[in-house]
Amino acid sequence: MKKAILSIAAIAGFTAAAQAQIKFAPEVGLNISTMKYSTNSTSSESKSLTGIKAGAFVELPFNKVVSLEPGVFYSRKGGEYSNILGTTTTTLDYVEVPVNLKFSLPLGIGGRPFVYAGPYFAYGVGGKNTLSNSLGTVSSDVNFGSGSAQMNPLDIGAQVGLGYQLPVIGLYARAQYGMGFTNLSNASNVTTTNNSNFSVSVGWQF
């Protein structure tokens with residue numbers, strides 16, 4: 001009986017310690033995004049578009065320096081480009097799941113600088129194409145799917161970033177760059193369309 005009680009206590013203590021190490025971090029920030037277009041003969045990049053990102057990370061530490069940092073975010077990306085018809089703004093709304101490997105340098109009262117890198121997996125849930133010219137403005141919804149006139153909803157890429165966390169209170173800021181590897185276009189005359197994104201954000205880890 002004594003051994004059983006000690007075993008239960010040890011398991012409970014280990015579980016409590018493991019749970020105490022897990023950190024949650026709601027976060028909000030801005031995306032500055034572009035879209036890169038390439039055909040068999042030409043390539044171009046849109047002007048930048050600013051959108052919001054909001055969500056949360058969970059930090060799963062291996063030790064005081066290395067941790068795994070998965071998260072779930074709403075993220076608005078897209079771009080703006082002009083031609084003889086006017087200026088077209090494309091906004092793309094994603095549910096995005098980043099999975100970062102994070103390296104931190106605990107400095108005590110000096111805070112905690114960190115760097116990270118990892119893949120992200122995003123799925124398009126909405127978007128608009130808006131054409132503006134001297135005649136007015138016309139908008140249409142982005143249609144996600146596999147058809148030639150639709151946009152591929154799956155955006156898979158990678159990001160790298162760095163940040164700094166204040167001591168004690170858990171507030172932090174980060175900046176990152178992400179690049180999509182998935183071709184977003186299903187059109188036969190478009191070789192690739194990719195998202196490119198720089199973001200800055202602030203969060204609170206507890």
Do you know which two heavy atoms are closest between Ser196 and Met179, and how far apart they sit? CB-SD, 3.9 Å
Using the rule that two of Ile, Leu, Val, Met, Phe, Trp, Tyr join whenever any of their side-chain heavy atoms come within less than 4.5 Å, decide whether Phe206 and Leu166 are in one cluster. yes
Interatomic distance, Asn143 atom CG to Gln150 atom CD [nearest 0.5 angstrom]: 4.0 Å
Can you confirm whether Tyr123 is buried at OH, in the sense that more than 12 heavy atoms of other residues, nucleotides or ligands lie under 6.0 Å from that atom? no
Out of curiosity, does Val115 fall in the hydrophobic cluster containing Leu68 (side-chain heavy atoms, cut-off under 4.5 Å, transitive links)? yes
Does any non-hydrogen side-chain atom of Gln159 lie less than 4.5 Å from one of Pro98? yes
Roughly how far, to the nearest 0.5 Å, is CG of Leu30 from CZ of Arg76? 12.5 Å
Identify the two heavy atoms, one from Ser199 and one from Asn31, that lie closest to each other, and give their separation to 0.1 Å. CB-OD1, 3.2 Å
Testing the basics here: between Ala122 and Tyr94, what is the closest heavy-atom pair and its distance to 0.1 Å? CB-CD2, 3.8 Å
Looking at CD of Glu45 and NZ of Lys36, how far apart are the two atoms once the value is rounded to the nearest 0.5 Å? 5.0 Å
Using a 3.5 Å distance criterion without hydrogens, assess whether the side chain of Ser67 forms a donor-acceptor pair with backbone atoms of Phe62. no
Under 3.5 Å, side chain of Asn152 to main-chain N/O of Thr182, donor-acceptor pair present? no
Check step by step if ring-ring contact (aromatic ring centres under 6.0 Å, His included) holds for Phe57 and Phe73. CA-CA 9 Å; Phe57 282 109; Phe73 281 80; 4.9 Å; yes
Determine whether a donor-acceptor pair (N or O, by modelled atom type, separation under 3.5 Å) exists between the side chain of Trp204 and the backbone of Ile169. yes
Hey, could you give me the NZ/CZ distance between Lys102 and Phe114, rounded to the nearest 0.5 Å? 4.5 Å
With a 4.5 Å limit on heavy-atom distance, are the side chains of Thr192 and Ser38 in contact? yes
Examine Leu162 and Val65 and state if one hydrophobic cluster contains both, with Ile, Leu, Val, Met, Phe, Trp and Tyr joined whenever side-chain heavy atoms are less than 4.5 Å apart. yes
Does Thr137 form a side-chain contact (heavy atoms from CB on, under 4.5 Å) with Thr130? I'd like the steps, not just the answer. CA-CA 7 Å; Thr137 300; Thr130 302; 3.3 Å; yes
Got Thr87 and Asn133 here, is their nearest side-chain heavy-atom distance under 4.5 Å? no
Is it the case that more than 12 heavy atoms not belonging to Lys128 sit under 6.0 Å from its NZ atom? yes
Are any side-chain N or O atoms of Asn129 and backbone N or O atoms of Ser140, one a donor and one an acceptor, separated by less than 3.5 Å? no
Does the side chain of Thr90 reach to within under 4.5 Å of the side chain of Met35, using non-hydrogen atoms? yes
Under a 4.5 Å cut-off applied to non-hydrogen side-chain atoms, are Leu101 and Val66 in contact? yes
Apply side-chain contact (heavy atoms from CB on, under 4.5 Å) to Tyr81 and Lys47, showing your working. CA-CA 6 Å; Tyr81 62 94; Lys47 295 179 181 178; over 6 Å; no
Check step by step if side-chain contact (heavy atoms from CB on, under 4.5 Å) holds for Ser43 and Tyr37. CA-CA 6 Å; Ser43 62; Tyr37 311 92; over 6 Å; no
All heavy atoms of Gly145 vs all of Asn186, minimum pair found to be O-ND2, 2.9 Å
Picking from Val58, Asn100, Val99, Leu60, what satisfies side-chain contact (heavy atoms from CB on, under 4.5 Å) with Glu69? Asn100
Nearest-0.5 Å distance, CG of residue Leu92 to CG of residue Leu49: 9.0 Å
Determine, stepwise, if the pair Phe181 / Ile156 fulfils side-chain contact (heavy atoms from CB on, under 4.5 Å). CA-CA 6 Å; Phe181 303 141; Ile156 299 174; 5.5 Å; no
With the 4.5 Å side-chain cut-off for hydrophobic clustering, are Leu184 and Val142 part of the same group? yes
Taking all non-hydrogen atoms of both residues, which atom of Gly78 and which atom of Ser46 are closest, and how far apart? O-OG, 4.5 Å
Note: Arg112-Glu59 ion pair, threshold 4.0 Å (strictly below): yes
Report yes if the side chains of Tyr116 and Gln176 come closer than 4.5 Å at any heavy-atom pair, otherwise no. yes
Hey, are Lys77 and Asp93 close enough for a salt bridge, meaning a charged N less than 4.0 Å from a carboxylate O? no
Is the backbone N or O of Tyr177 less than 3.5 Å from a side-chain atom of Asn197, with the two atoms forming a donor-acceptor pair by type? no
Any salt bridge between Glu27 and Arg174, counting N to O under 4.0 Å? yes
Would the distance check show the side chain of Ser185 and the main-chain N or O of Ala187 forming a donor-acceptor pair, the cut-off being under 3.5 Å? yes
Side chains of Tyr164 and Leu171: does their closest heavy-atom pair fall under 4.5 Å? no
Tightest non-hydrogen contact, residues Pro167 and Gly108, listed as CB-O, 3.6 Å
Report the distance from atom OG of Ser75 to atom OH of Tyr120, rounding to the nearest 0.5 Å. 8.5 Å
Do the side chains of Asp155 and Phe121 get nearer than 4.5 Å, heavy atoms only? no
